[in-house]
Protein chains: 2
Amino acid sequence: MHLPTLRQLQFLCALADEKSFSRAAEVCNVTQPTLSSAIKEVEAILGVQLVEREARGASLTRAGEATVERARAILSSAADLVAAAHQAGAPLTGHFHLGAIPTLAPFLLPRTLADLRASHPELRLYLREDQTERLIEGLRNRTLDAALIALPWQAGGIETETLGDDEFLYIGPKEHKLSTAKKLAPEDLTSEDVLLLEDGHCLRDHALSVCSLSPTGNGSNVGATSLATLVQMVAGGLGVSLLPRIAAEAGVTAGTDVAIRRFDTPVIGRQIGIAWRAGSPREKEARMIGDCVRKTLSDRAADGAGLEARV
Amino acid sequence: MHLPTLRQLQFLCALADEKSFSRAAEVCNVTQPTLSSAIKEVEAILGVQLVEREARGASLTRAGEATVERARAILSSAADLVAAAHQAGAPLTGHFHLGAIPTLAPFLLPRTLADLRASHPELRLYLREDQTERLIEGLRNRTLDAALIALPWQAGGIETETLGDDEFLYIGPKEHKLSTAKKLAPEDLTSEDVLLLEDGHCLRDHALSVCSLSPTGNGSNVGATSLATLVQMVAGGLGVSLLPRIAAEAGVTAGTDVAIRRFDTPVIGRQIGIAWRAGSPREKEARMIGDCVRKTLSDRAADGAGLEARV
DNA sequence: TATGGGGATAGATAAAATCTATGCATCTTC
DNA sequence: GAAGATGCATAGATTTTATCTATCCCCATA
């Protein structure tokens, strides 16, 4: 079977991006006729018209769209092959870019990073804190090698591994009736002013689903920008909220006068996991980091009494 | 980033297969120096040694193995890209190779094929009957485009879609005590001589699991080669067995004197599904065939009384 | 130590990829 | 509606790459 060249596929993808032969050629650092004839040859190999030549630029046919999609996957795999081989030549070297969501990073990373530095001093970690969508995007475009996020989260071409559970705790002003109620269940919050993070944080969605609130019609529509802010707002008497146990244990409420309590039946609000691009040459390192996080999480579980002691 | 050529990757894969530069070159229809320098260049691009040059031939390094694995995937995707584009240029043309397991094909295909011929007369279907492992192998090496098998069946690089359930029915000699027992449950078979298909048929495993028998230590160790044979053996008084409802409805017991009855609580012994290679350009057609099978199966379910009428 | 399989190297040659220059449409603008 | 601009295709020259032939080197083995 006659295959198109990777280079030709690159040209095709550039053309798909630029919708113009000349601009695509420029992007690829070749002249327009070169790219033009390359595309023509791909069309000949495939026996289908891929590009519609129009007065102003070019557009892809249906077959072209489908082909470009496959071509991108192939080029990505090829890039992975190269990266993986480089990696094999110099294992655990180079920068590793790790992302984490804002409701995890400040509470999980300090301990995990210390562990990692101790056990794998040769790993050069670069960190990025962002919301899940952007982290996934980062994995896709290779600006990130792995990301710590809340699971489940399905995304095409992304693989994940679960590292542990995170419980949701109630927090509220000390004088709030729920803070001292006999019993406490997530449903009790439904009729309260529940403070939430601003839109885009997955924790917001998890919190909403735990107390069966609709995304829109609840009282408080100003969102906190961070968990620290959220705690301040609760302390200021603006309402009650849910706090991930991992944040509580890291002392996010230190110095404020709020009540924290577990629900009568513990609420596993979210799972903590690590994600990487399927086929990433860094998968092994990602799993290794995952193991380290898992250890951090289970160490915490072991001395779980610590929480009750503090609150 | 500098990428190796698809051609170079082909050379590398050939070398992995042949474990010899000269033979690999022959396979690729180039001379040995050509292949030799190509491999050398790939190693230069990747910055790793991929091949160990030994006195007698060549062997891959660890990095080489990993690279070859990725290379094969890339070449496969590239072949798919070409095939998909060809397909797009001439949809529904060309031969479609469909596999099916022996415990499905004779009972499911007659009706399905008639439907298919009616609704898609342009589809040229080639059929192959074989056991699951071989069908999967066929999907992998592109000698098959899709296969009707029993699910669940997980295999890397294979995608499946469930099309319907298949109930297991009791069959036994008319005079057997279970044939006329008040109540009938799968566990009742555990102490009987249960006749099974020969090894390698997935139906054998499903049957074993339904009546909680171990793969080895049951009485009858001669296996039937087909369901028709199995029915003959039951009719001959050699023991009892389980029969997929789809086979019973197709009349596999016609002309023999055996008792068929449903279990008191219906036993969904297996699911029927269609499988194709992930990324196959024929996925659409596979799903289309799947829809046709699904229709066949649900039509059957609709006039389900037919079974009770016959037995 | 002679022999032969197996791979590397060098230089010649064939094939390809790419470039420059130019042509031919179509759309814009005045 | 003619001039100019934009955008892709074509032709031929040129450079680059791939491949081939011929030969050498290594080393296991007889």
Side-chain angles (χ1 to χ4, degrees), chain A residues 1-61 63-65 67-68 71 74-75 78 82, chain B residues 1-61 63-64 67-68 71 75 78 82:
Chain A
M1 166 147 29
H2 200 155
L3 297 178
T5 297
L6 285 182
R7 184 135 233 263
Q8 290 169 334
L9 295 184
Q10 285 178 319
F11 287 174
L12 182 62
C13 291
L15 181 56
D17 290 337
E18 301 293 331
K19 302 183 194 317
S20 149
F21 281 70
S22 349
R23 279 202 304 278
E26 194 175 350
V27 167
C28 297
N29 288 310
V30 293
T31 57
Q32 171 262 316
T34 296
L35 189 133
S36 200
S37 75
I39 297 294
K40 198 182 185 182
E41 192 186 341
V42 174
E43 290 184 320
I45 293 172
L46 301 186
V48 205
Q49 186 179 350
L50 301 174
V51 184
E52 205 82 58
R53 280 80 167 172
E54 291 159 351
R56 290 254 164 249
S59 69
L60 293 176
T61 64
E65 294 282 5
T67 303
V68 165
I74 290 171
L75 291 170
V82 173
Chain B
M1 164 142 35
H2 200 156
L3 297 179
T5 297
L6 285 182
R7 186 133 230 263
Q8 291 168 335
L9 296 184
Q10 285 177 320
F11 288 173
L12 182 62
C13 292
L15 180 56
D17 290 338
E18 301 293 332
K19 302 184 193 316
S20 149
F21 280 70
S22 349
R23 280 202 304 279
E26 195 176 352
V27 167
C28 297
N29 289 311
V30 293
T31 58
Q32 171 262 316
T34 297
L35 188 133
S36 200
S37 75
I39 298 294
K40 197 182 187 184
E41 192 186 341
V42 174
E43 290 184 320
I45 293 173
L46 301 186
V48 206
Q49 186 179 351
L50 302 174
V51 183
E52 205 83 58
R53 279 82 167 171
E54 290 158 352
R56 295 255 165 247
S59 69
L60 292 176
T61 63
T67 304
V68 165
L75 291 170
V82 174

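Basis for what follows: all heavy atoms, side chains included, without hydrogens, waters or symmetry-related copies. So you know, we letter chains A, B, ... as the sequences are listed, proteins then strands, and number each from 1.
Between the CG atom in Leu15(A) and the OG atom in Ser59(A) there is a gap of 9.5 Å [rounded to 0.5 Å]. Atom CG of Leu9(B) is separated from atom CG of Leu6(A) by 7.0 Å, given to the nearest 0.5 angstrom. In this structure, CD1 on Ile45(A) lies 13.5 Å from NZ on Lys40(A), to the nearest 0.5 angstrom. The CZ atom of Phe21(B) lies 10.0 Å from the OG atom of Ser37(B); values are rounded to the nearest 0.5 Å. Here the OG1-CG distance, from Thr34(A) to Asn29(A), works out to 11.5 Å after rounding to the nearest 0.5 Å.
If you walk DNA chain C from 5' to 3' and mark each nucleotide with an atom closer than 4.0 Å to a heavy atom of chain B, the marks span dG5(C) to dT9(C).
The 12-atom threshold is not exceeded at CD of Glu26(B), counting heavy atoms of other residues, nucleotides or ligands nearer than 6.0 Å.
Judged by distance alone, the side chain of Glu43(A) and the main-chain N or O of Leu50(A) form a donor-acceptor pair under 3.5 Å.
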Worksheet item: Using a cut-off of 4.0 Å between protein heavy atoms and nucleotide atoms, how would you tag nucleotides 18-26 of chain D 5' to 3' with B, S and -?
Response: SSBBB----

Practice prompt. List the steps, then state whether side-chain contact (heavy atoms from CB on, under 4.5 Å) holds for Val51(A) with Ile39(A).
Written response: CA-CA 8 Å; Val51(A) 184; Ile39(A) 297 294; 3.9 Å; yes

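For the pair Ser22(A) and dC8(D), the criterion of a side-chain N or O lying under 4.0 Å from OP1 or OP2 is met. One finds no side-chain N or O of Lys19(A) lying less than 4.0 angstrom from the OP1 or OP2 phosphate oxygen of dG7(D).
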